[in-house]
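Note that ligands are numbered from 1 as they come in the structure, with each ligand's atoms numbered from 1 the same way. None of the values given here were measured: they were computed from a predicted structure.
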Amino acid sequence: MNVKLKWLPSFIIMFCLFCIRGERTIGAIFDDGSFLYEAAFSVAIDAVSKNEDNPFIANVIKTSPGDILEAEKAMCNLLESSTFAIFGPTIKTTVQHIQNIADFLEIPQIITEPIETQNRNWSAVNLYPHHVAYSKIFADIIVVKGWTDFTIIYDGSEYLPYLDSIFGLQNLIAGEDISITVVQLPDGDDLRSQLQTIKSSGSLNYLVNCGKDKLPQFLEQAQQVGIMSDDHSYIIMDPDFQTIDINPFKHGGSNITGIRFFDPELKDIQDYTSSLNEKLKTLSEGKIENEISKYGLTFKLALVYDSVMLYTSAITAMGLEESANFTCDSGETWTFGATVINYVRTMEIDGLTGTIKFDNEGVRSEIEVDVLEVMAHGFEKVGTWTTEDGYSGSRKNIPAVEQEGSDSMKGKHFIVLTALSAPYGMLRESPKKLEGNERYEGFGIEIIEELAKMNEFNYTFEIQADGVYGSYDDKTRKWNGMMEKIMDGRADFAITDLTITAARQRAVDFTNPFMNLGITILYKKPTKQPPDLFSFISPFSYAVWGYLAGTYVGVSVLLFILGRFAPEEWQNPYPCIQEPETLDNQFTLANSFWFTLGSVLTQGSEIAPIAVSTRMAGSMWWFFTLIMVSSYTANLAAFLTVESKFYAIKSVSDLANNPYGLTYGAKNQGATYGFFKESDNMIYQKMYLYMKNHPDLMTESNEIGLKRVKSDTENYAFLMESTSIEYMVERNCDVAQVGGLLDSKGYGIAMKKNSPYRQPMSESILQLQEQGKITRMKDKWWKEKRGGGACTDDDTSSGDAQALVLANVGGVFIVLAAGSGLAVVCAFIEMTINVWMISKRAKVPFKDEMIAELKFIFSFSGDVKPVRHRESSGSGSKGSKKEEDKEDDDVESTREDERLDAPTPHSERSSHSHHTLHSRRQSNAVQMAKMRKYSRQFSNMTK
Ligand code: GLU
């Protein structure tokens, strides 16, 4: 009822117009559920009626999509209100139903759908190209491209006829073994699982036959699963390929080819498009605007125009005035029906979609299309295809700028392989269910994010589930893990703690390193030791203690000798006697040792040096003791406050010697293991053999290594890379790095050998480093995120006190040695001056006096020195005459005694007379003086 009411006004209007002006009505049934066909039909009718005396008029009935009963009623209504033909409908089932009625009533039915007409010799005229001709276009393109292995991806059974010629390709390419895989896309929006299957089949070439509506979704999801890289090629069969938004896919690296039936830039097309837009706006009462100019004119809408052109030209050419005008159940047929249909089939016009003509079978088998390819600047016509001549390429040379740009990463999509290895790649913690790249975070993930921003590329992360980074297997002669995937092109980049090694560099390309590191040991923190009773020895190393003792003895002996040299040190024992017979020296051997000991122990002694030389030596010693004692005190404080620790191992050689039954290992198939394997160092070779013979000690990941190190049941050390150790010791306070780095290397992003992306990626990494971004990222992921900084306060006492070694205090020994040397020189000068003065005063030869003096000095005969040339005996009395005489008498009597006691041969006596006499006198005088001294001391004591 509603439908009838809806039609009523248009019937009345048309009827009146027909009566008044003799206009020719063309009926149409459209069930597409939109205004598009109706608008296209109306615009076309308006266009063909312009300047016509007998204009055509459109009678459009819109029915519910796929409702055959409604469509049937519409047809009968059109017939009752007179029509020259029925255009439409659009949905396959309805088309076929209306076709049956049209056949029966001999009414021409004009369709523009890729639908097989049931009886092509009868009433239906289909302007959609015939499937055999259509599929031939693509078969030829495949031959030109030389595909011998490809996958046909189609959307539904209605697309299968359009693959006819493709399946016949085997016959076209002689001698080639063609492998074709056919895959149907699933219903619904998620095509990813099917695309994943296609990807894992290893196929790289795809012939895609699906509708324009599904195509963007298909391409987007293909990009997401990673089959739109440089290695992949697509041929799109849909004629509306040029109307999809190609921008997201044009930089992806894939070769995408398609066809078009018309150039959207042509004036006719643009005029039609703008009229269509106007019409749409009117029909939809302003709700639909510019839809066609936004997406472009579709092939079917162009066909609607062409079909109207074709049919109205036939009617006009035939001069037909009488339309079909009867009821469906009248049993009548249209008298001119068969004639019109036959006439239309013989016609040939130039339409928007090319030349429209039908073959003997009544189908449109002669077609002409442009072949397009997607370039960085958009679509580019690379050739044409005609039924007659097949494919002919017309590709212009690609401009140089475009070629350079083809290496650029802009807009391309890449598969980035990573591993779940903290902190390089980790699963994001979130209460929400995350999808795609959102699921991952970490240092490596952030670097890729930054690089993608800088180079404007898209990426999808893929996880290396087994965590194997890749090593070369000598037996299979193949790489495994991430390396294999990169080499096979299954992923474009790999980022994680992937070490750049010489072997890997031979197989793939790496960017500049984004991080530097070296191999070292992860082990439990050293255990604390009980305080040492003898820790007071610790401040100095044993060597320093030894040097100190040696220096003490040396300086003491030196002082003793200097004392003997220095005249000033020989002092009058009786200050009241002006000219003593003997002089005393305070620097006896015992006193010298006591003096130096007193200053070392900072206690001093009553002995004070008098001569310049002894003072010089003494002050040097004081300086020496000052520095040594201060250093000792300072270092002792450190030793007493710092807890001493027990280190089971301190370096890798300790580990190799394995003193406490330690076990050790590294990550299986990793660069660390590879380092030991390749090294020619004896220790490392020994360690490699150990690890090789103990596969149970090798781990699948660094995390497992850490667990084993921490385990109480195992005494395990893990060889690992310093950056990863840094991350772990930030969070696990019971483990620490032991020893230094065994080597120096870096982590890089791996990609296929000779990849054009190596240069831009390396450049961007350097930029990130120069901007300090990588350092900031490292601080964030190492020290802040995921429990970073947990062990920062833990290690306040970690600095061990170290015994001072000679290198620390060597300078002060040198100063002391230099000072002592100077003192010796001084002593010698003092002694020489003194001897010279005496020899002058006593008028004895300098040489004799010097020899006598030296003899005395080196006789080391006690601390009393007789005065050899007293002034009174030479140049007049100054002291007590009485006492002097007495002493002289003593000396003389002694001299006489000696003469008697020891008779000397005359000759000898005569030659040595002076010296012998002199020395005897000296020794006797010394004896006498001593005796007097002791008797005085004795009497003092007894008083
Ligand atoms: N970074 C290493 C690699 O690239 C894995 C860890 C290791 O071997 O210590 O293989």
Numbered atoms and elements of ligand 1 in range of Asp497, under 4.0 angstrom, heavy atoms: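 In order of number, 1 (N), 2 (C), 3 (C), 4 (O).
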- request: Please report which non-hydrogen protein atom sits nearest to atom 9 (O) of ligand 1, along with the residue it belongs to and the distance in Å to one decimal place.
  value: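 For this ligand atom, the closest protein heavy atom is Thr672 OG1, 2.5 Å.
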- request: Can you spot which of Ile521, Thr699, Leu697 makes a side-chain contact (heavy atoms from CB on, under 4.5 Å) with Phe718?
  value: Thr699
query: When the aromatic ring centroids of Phe675 and Tyr684 are compared, is their separation below 6.0 Å?
result: yes
Sub-6.0 Å ring centroid separation between Tyr424 and Tyr747: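 Under 6.0 Å, so yes.
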field: Side-chain donor/acceptor of Asp488 to backbone N/O of Arg490, under 3.5 Å
entry: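 Pair absent, no side-chain N/O of Asp488 close to backbone of Arg490.
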field: Residue portion contacting ligand 1 (non-hydrogen atoms closer than 4.0 Å) for Arg504
entry: side chain
statement: ligand 1 atoms nearer than 4.0 angstrom to some heavy atom of Gly670 are 8 (O), 10 (O)
- prompt: Do any N/O atoms on Ala671 end up under 3.5 angstrom from N/O atoms on ligand 1?
  reply: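 Checking ligand 1 against Ala671, an N or O pair does fall under 3.5 Å apart.
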- request: May I ask you to check whether Tyr459 and Phe414 place their ring centers less than 6.0 Å from one another?
  value: no
field: Contacting atoms of ligand 1, where contact means under 4.0 angstrom from a heavy atom of Leu498
entry: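 Listed by number with element, the hits are 4 (O).
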- request: Looking only at protein heavy atoms, identify the closest one to atom 2 (C) of ligand 1 and say how far it is in Å.
  value: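 Of every protein heavy atom, Thr499 OG1, 3.4 Å lies nearest to atom 2 (C) of ligand 1.
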query: Just distances here: any N/O of Glu721 and N/O of ligand 1 closer than 3.5 Å?
result: yes
message: Taking the basic N atoms (NZ, or NE/NH1/NH2) and the acidic carboxylate oxygens, is any pair closer than 4.0 Å for Asp734 and Lys525?
response: no
